[in-house]
Amino acid sequence: MPELPEVETIAADLRPQLSGHRIERVESLFPRMVRHPDAELFKAGLRERRIEAISRRGKYLLFHLDSQELFVVHLGMTGQLRVTAPDAPLETHTHLVLRLDDGRQLRYRDVRRFGRLLFGVEEELLRERRLPRLGPEPIDPNFTGDDLYRKLRGRRAPLKALLLDQAVVAGVGNIYADESLYRARIRPDRPAGRLSRKSARRLREALHDSLQLGIANRGSSVDDYRDGFGERGRQQEELLVYGRGGQPCPSCGRPLAVVRLAGRTTVFCRHCQR
DNA sequence: TTAAATTCCTGTAAGC
DNA sequence: TGCTTACAGGAATTTA
C-alpha cells in the first residue's frame, strides 16, 4: 500500500508528465471519493486550472494549481493514478477522470475506495480540519533522534501504534513501521515512552534508511501499488520482515513472530528485537 | 489528552 | 465447483 516512499515515487513520476498542463474537463466522478468540498464545487474548482507543481506531504499528494489552490489526493490502500491516452480502455474502479489540454487523461482508480480527494486552499483545509495536522517528515535531515524521543516521551501506547500515528511522524504505514523497528532492533510492543534517547536515535536512523531504500527501489508493490507509470516497484523483494511471518529471521534464522498490534498485523523477531 | 475499538470497502484465499 | 467466511489495512470517527 502506498506509504511515504510510494507516494514520493508517484509524485516524482507525475511531475514531468503533468506540470504545466491544464485540466480541461472533469469527465467523470464517483462523488463519495470527494471529501471536500462537495462534488460539484470540487469539479468546478479543478476545471480550467493549470497544474504548476506536484509535491508530497506524508502520504498526501499535492497538486499545486495556478489558482493557488490544491488538488489533494490520498491513495488510501488501493488508490492509483495513471496518465493515459484518450482512448485507453477505462479500467474498473476508476472514480475520477481529468482530461488534460493535450487530450491525455489523469485517472484515479481505487478498488477499496479508502482513498480521498480534496480541493481548496491549503491553509483553509488545515484550519477547517479537512486535512489533519501531520508530524514531521521522517526523512527530513532536520528531524533528529532527539525530536523523535521528545515525541514519544510520556506515551504509553506501543511503539508500533505511534509510528503509525501520522501526527507523530508523517508517512509511515504498516510496512515501513515493521521494517524500521526490525532495523533498529526494537520490539514493536515496547511502550513508546520507555524508549531511551539512544534507542530513539537508532529508530530515527532506521526509519530514514528503510524509507530511503523504499524510494530508491521505487516503492513496495505488495498489493496493487503501481508507480506513476503503472509499473511495479522493487522494494517488496527487499523487505526484511513485512509479510514474512513464520519465515526465518534474516539475522538469526529463528522464525519471525506474527502478532496483532494497534489493529495491524505486526511481524518481528523475538530474539533480535528487544 | 490519550488509547482502543469500530467503520468503511472489495478482492483474494482458505475452508467445507 | 461453488458457496461462505476471514482477512488485508489508513485514518476518520466513536467510545471509554
Side-chain angles (χ1 to χ4, degrees), chain A residues 1-8 10 29-37 56-62 72-81 91-96 108-118 120 125-135 137-138 150-181 188-195 207 211 214 219-226 232-233 235-236 239 241-246 256 258-268:
Chain A
M1 24 254 98
E3 303 181 23
L4 188 156
E6 288 74 27
V7 180
E8 181 73 21
I10 292 168
L29 182 68
F30 185 76
R32 278 182 36 207
M33 298 303 304
V34 177
R35 297 310 171 95
H36 182 80
R56 176 196 62 76
R57 175 78 173 99
K59 300 175 196 172
Y60 287 85
L61 264 173
L62 309 176
V72 181
V73 179
H74 191 298
L75 299 166
M77 289 186 60
T78 55
Q80 299 176 342
L81 284 164
E91 292 184 277
T92 54
H93 308 296
T94 299
H95 303 310
L96 175 70
Y108 179 70
R109 176 172 186 263
D110 189 348
V111 172
R112 270 172 252 188
R113 305 211 286 252
F114 277 12
R116 39 185 112 268
L117 308 171
L118 302 97
L125 292 172
L126 288 168
R127 191 169 58 241
E128 295 172 17
R129 295 171 179 272
R130 307 292 177 181
L131 284 176
R133 48 182 173 70
L134 297 174
E137 292 287 330
R150 279 190 289 275
K151 283 260 174 194
L152 302 178
R153 200 166 45 185
R155 304 291 297 262
R156 275 168 296 185
L159 209 36
K160 168 79 178 264
L162 291 196
L163 288 183
L164 296 176
D165 184 344
Q166 302 300 298
V168 174
V169 283
V172 178
N174 207 28
I175 297 173
Y176 295 95
D178 278 8
E179 294 294 301
S180 301
L181 287 162
D189 55 357
R190 275 266 294 275
R194 292 232 287 270
L195 206 65
L207 277 168
L211 292 166
S220 303
S221 292
V222 292
D223 204 348
D224 38 11
Y225 161 74
R226 295 294 183 275
R232 294 168 62 84
Q235 180 59 22
Q236 67 281 0
L239 297 176
V241 293
Y242 178 87
R244 300 192 188 280
L256 293 167
V258 185
V259 297
R260 199 147 181 93
L261 212 49
R264 302 281 178 276
T265 299
T266 301
V267 183
F268 71 106

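Numbered from 1 within each chain, the chains take letters A, B, ... in sequence-line order.
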Task: Under the side-chain contact (heavy atoms from CB on, under 4.5 Å) test, residues paired with A:Ala192 that sit two or more places apart - done: A:Leu152, A:Arg155, A:Leu159, A:Leu162

- [ ] Looking at every strand, decide which applies to A:Met1 at a 4.0 Å heavy-atom threshold: base, sugar-phosphate, or nothing.
- [x] sugar-phosphate

- [ ] Identify whether any heavy atom of A:Arg113 sits under 4.0 Å from a base atom; if not, whether one sits that close to sugar-phosphate; answer base, sugar-phosphate or nothing.
- [x] sugar-phosphate

TODO: By nearest nucleotide on DNA chain B, pick out whichever of A:Arg264 and A:Gly154 is the more 5' one.
DONE: A:Gly154

TODO: Provide the start and end nucleotides, 5' to 3', of the part of DNA chain C that has atoms under 4.0 Å from heavy atoms of chain A.
DONE: C:dA8 to C:dA12

- [ ] Please work out if A:Thr265 contacts a base, only the sugar-phosphate, or nothing of the nucleic acid, heavy-atom cut-off 4.0 Å.
- [x] sugar-phosphate

TODO: Report which part of the nucleic acid A:Pro2 touches: base, sugar-phosphate, or nothing (heavy-atom distance under 4.0 Å, all strands).
DONE: nothing

Open item on the list: Heavy atoms from C-beta onward define the side chain here; which of B:dT10, B:dA4, B:dC8 lies closest to that of A:Ala157?
Closed with: B:dA4

Task: Interatomic distance, A:Gln166 CD vs B:dA3 C1' [rounded to whole Å] - done: 17 Å

Task: A:Asp189 CG - B:dA3 P separation (whole Å) - done: 15 Å

Open item on the list: Mind checking if A:Tyr176 touches a base, just sugar-phosphate, or nothing, with heavy atoms under 4.0 Å?
Closed with: nothing

Open item on the list: Quick check on B:dC8: is either OP1 or OP2 less than 4.0 Å from any side-chain nitrogen or oxygen of A:Arg112?
Closed with: no

Task: Whole-Å distance separating the CG atom of A:Leu162 from the P atom of B:dA3 - done: 6 Å

Task: Donor-acceptor under 3.5 Å (A:Gln236 side chain, A:Ser221 main chain) - done: yes

- [ ] Have a look at A:Arg130 and say if it touches a base, only the backbone sugar-phosphate, or nothing, with a 4.0 Å heavy-atom cut-off.
- [x] nothing

Task: Sub-4.5 Å side-chain heavy-atom contact between A:Asp189 and A:Lys160 - done: no

Task: For the student: nearest non-hydrogen atoms of A:Arg244 and A:Leu256, plus distance - done: O-CD1, 3.5 Å

- [ ] Mind calculating the distance between CE (A:Met77) and P (B:dT12) to the nearest angstrom?
- [x] 13 Å

Task: Check: A:Asp110/A:Tyr108 side-chain N/O donor and acceptor closer than 3.5 Å - done: yes

TODO: Check side-chain contact (heavy atoms from CB on, under 4.5 Å) between A:His74 and all other residues, then give those that pass, not counting sequence neighbours.
DONE: A:Lys59, A:Tyr60, A:Arg116

TODO: Establish, with yes or no, whether the OP1 or OP2 oxygen of B:dA3 is under 4.0 angstrom from a side-chain nitrogen or oxygen of A:Arg155.
DONE: yes

Open item on the list: For a quick test of reading the model, state the closest non-hydrogen atom pair linking A:Lys151 to A:Val168 and the distance between them.
Closed with: CD-O, 3.6 Å

